[in-house]
Amino acid sequence: MRRRTGSTAIVAARTDEQPVDTEEIRALTEAAGYEVRGAVTQARAEDPGTHFGRGKVTELSARVAETDADLVAVDGELTPRQTAAIGESLPEGTTVFDRYRLVLAIFADRASTRRAQLQTELARLRYDLPRLKARSDVQGMNRRVEKGTPLNGVKNRIADLERKLSDLPHPAEQHRAERREQGFDLVTLAGYTNAGKSTLLRRLADDLGLNAAEEAGANERDTHPDAATETAAVRDRLFETLETTTRRATVDGRRTLCTDTVGFVADLPHWLVESFSETLSDAAAADAVVLVADASDEPPALREKVGVALDVLAGQGVDESAVVTALNKVDLLDGDALAERREAVADLAPEPVPVSVREGTNLDRLRAAVAARLPTERAELRLPNGDEAMGIVSQAYDRAVVESVDYGPETVALSVRGRPAVVDRLRADAEALGG
């Protein structure tokens with residue numbers, strides 16, 4: 001794990017009722033490169049001024065001083081004024097991140113493509129701008145800041161980043177042109193962290209096996225069997241990478257490229273999810289999207305996650321008819337519990353496919369649901385027997401599904417199905433030969 005200069009943290013969590021869970025904020029903080037040295041929790045209504053209330057902020061300040069922590073990571077969304085008020089109460093030099101700013105820090109560390117780097121910087125500056133203004137207000141420096149460079153510098157940089165991003169070619173368009181030209185169907189896997197997307201990719205991929213993956217991760221501690229580690233998987237660490245992983249797979253006999261996108265994290269607002277839409281651009285370009293949901297979640301949480309994920313995909317231009325919802329980890333449920341999960345998402349995903357990616361349950365049914373969403377055309381071609389016909393047959397095997405081929409003394413009868421553009425090209429080539 002990459003450690004930062006000044007890499008220790010206290011996590012702070014508040015909720016309206018007991019118990020107060022700090023597991024995910026700890027994971028996010030560690031993923032950002034910090035060592036967690038303690039936690040401060042509170043079960044009470046939110047204080048509009050300081051989020052926690054003055055007494056708890058005083059306790060938090062004491063814990064920071066005691067542990068010499070450099071960061072306070074708050075599990076929740078802080079308003080600009082709350083961020084400033086907490087910061088003013090802590091020892092000098094202590095940074096305050098809410099969960100959204102923490103995620104942005106992770107994104108900034110792990111974005112490697114030019115587009116992803118620009119997107120994460122833009123999201124961070126949009127987040128920081130109102131907090132810079134609020135901090136200045138708390139410190140009584142409104143006039144100086146407005147006339148000086150901090151606010152104007154951030155605003156100018158935001159405008160500059162927006163221009164640069166608009167000038168970059170959108171990766172989804174590039175993927176469409178390049179991959180479909182080669183005859184590939186495109187399938188994207190989406191969903192929340194640890195729902196099982198990476199294990200599903202290994203199940204579908206032609207060049208990866210689940211057993212090899214398990215051996216590669218045998219020394220890792222998994223929170224669930226779906227967390228097995230290997231080269232194509234996101235480790236059981238939040239946001240291991242912002243880059244997508246793509247593997248070749250065969251679905252219903254068709255050449256397919258399956259892409260595993262970065263996992264969502266609970267309670268992230270849409271604007272933050274959209275800020276790393278680089279990883280979701282494959283969904284916009286896909287013929288089918290498999291939304292992998294963790295069916296072991298309680299029904300209300302499952303419903304919320306499926307709803308948010310579908311909204312985000314819709315925002316990326318994904319048609320709902322292209323989405324297959326897979327309820328994963330049904331091996332952890334009995335029949336009644338599975339029925340509750342189905343009912344919870346019935347109006348969001350009318351025909352979810354219950355699967356256990358780990359056990360291999362219903363994967364054929366899932367593949368069939370994906371295949372049904374792939375654009376398909378069929379053609380019966382008759383070609384004059386000869387070298388040119390053999391070339392067309394070879395192209396058909398490379399870029400489509402050959403259902404039958406019969407070689408006669410004068411003609412070759414070829415039955416194919418596949419992407420409409422590919423079949424149209426084969427048909428045109430056949431007609432050019434006089435077929």
Side-chain angles (χ1 to χ4, degrees), residues 169-189 200-201 203-208 244-260 281-290 316-324 351 353 363-435:
H170 198 285
E173 298 300 330
Q174 293 177 325
H175 294 162
R176 265 194 206 95
E178 295 171 4
R179 296 175 178 181
R180 288 178 176 167
E181 177 66 24
Q182 300 168 5
F184 284 101
D185 295 294
L186 307 182
V187 175
T188 292
L189 312 181
L200 177 58
L201 180 65
R203 284 286 195 186
L204 297 176
D206 293 339
D207 59 342
L208 293 171
T244 56
T245 300
T246 299
R247 290 291 181 269
R248 179 170 170 170
T250 302
V251 177
D252 191 30
R254 296 171 63 160
R255 299 195 314 162
T256 303
L257 293 178
C258 289
T259 297
D260 178 15
S281 62
D282 285 277
D287 300 300
V289 176
V290 180
Q316 291 295 313
V318 177
D319 191 282
E320 64 179 11
S321 65
V323 180
V324 179
E351 297 181 1
V353 181
L363 291 188
D364 286 344
R365 182 175 166 186
L366 181 61
R367 290 187 181 95
V370 171
R373 286 160 173 81
L374 302 180
T376 302
E377 188 167 332
R378 286 176 166 78
E380 304 291 336
L381 307 178
R382 287 193 174 275
L383 315 169
N385 201 338
D387 291 341
E388 294 87 350
M390 296 305 101
I392 294 176
V393 171
S394 178
Q395 288 183 41
Y397 274 109
D398 286 342
R399 301 193 174 190
V401 177
V402 176
E403 296 187 322
S404 67
V405 57
D406 295 319
Y407 298 97
E410 302 294 333
T411 62
V412 176
L414 177 64
S415 177
V416 297
R417 63 179 168 85
R419 298 194 61 79
V422 172
V423 173
D424 286 346
R425 190 178 309 121
L426 292 172
R427 185 183 290 113
D429 290 344
E431 290 174 354
L433 287 182

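Qualifying salt bridge (charged side-chain N to carboxylate O under 4.0 Å, His left out) partners for D429, counting only residues two or more places apart in sequence or in other chains: none. With sequence neighbours excluded, no residue forms a salt bridge (charged side-chain N to carboxylate O under 4.0 Å, His left out) with R373. Not counting sequence neighbours, D406 has no partner by the side-chain hydrogen bond (donor to acceptor under 3.5 Å, both in side chains) test. For the side-chain hydrogen bond (donor to acceptor under 3.5 Å, both in side chains) test, no residue two or more places apart in sequence or in another chain qualifies with S394. With sequence neighbours excluded, the residues satisfying salt bridge (charged side-chain N to carboxylate O under 4.0 Å, His left out) with R427 are E377, D424. Partners of R417 by salt bridge (charged side-chain N to carboxylate O under 4.0 Å, His left out), not counting sequence neighbours, listed by chain and number: D252, E403. Applying the side-chain hydrogen bond (donor to acceptor under 3.5 Å, both in side chains) criterion to R419, with sequence neighbours excluded, gives D185, D287. Not counting sequence neighbours, T411 has no partner by the side-chain hydrogen bond (donor to acceptor under 3.5 Å, both in side chains) test.
For the atom pair CZ of R248 and CZ of F184, the computed distance is 4.5 Å after rounding to the nearest 0.5 Å. With rounding to the nearest 0.5 Å, the separation of CG in L200 from CG in L189 is 5.0 Å. The structure places CG of L414 at 8.5 Å from CD1 of I392, a figure rounded to the nearest 0.5 Å. In this structure, CZ on R382 lies 11.0 Å from OG on S415, to the nearest 0.5 angstrom. Put simply, CG on D260 and OG1 on T246 are 8.5 Å apart, with the number rounded to the nearest 0.5 Å.
For the residue pair A400 and L426, the shortest heavy atom distance occurs at CB-CD1, 4.5 Å. Between A249 and C258, the closest heavy-atom pair is CB-SG, 3.8 Å. Annotation for V370 and A288: closest pair CG1-CB, 4.1 Å, computed over non-hydrogen atoms. For the residue pair A430 and L383, the shortest heavy atom distance occurs at CB-CD2, 3.1 Å.
Using a 4.5 Å heavy-atom threshold, the side chains of V290 and T188 count as separate. Looking only at side-chain heavy atoms (C-beta outward), V323 and V318 come within less than 4.5 Å of each other. Residues V416 and V401 have side chains not in contact (no heavy-atom distance under 4.5 Å, counting atoms from C-beta outward). A 4.5 Å side-chain heavy-atom check between L374 and R254 finds at least one atom pair inside the cut-off.
There is no side-chain donor-acceptor pair under 3.5 Å between R247 and T259.
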Show me the donor-acceptor pairs, under 3.5 Å and distance only, between side chains in residues 384-391 and residues at least two apart or in other chains.
unit_1 : atom_1 : unit_2 : atom_2 : d
N385   : ND2    : G408   : O      : 2.7

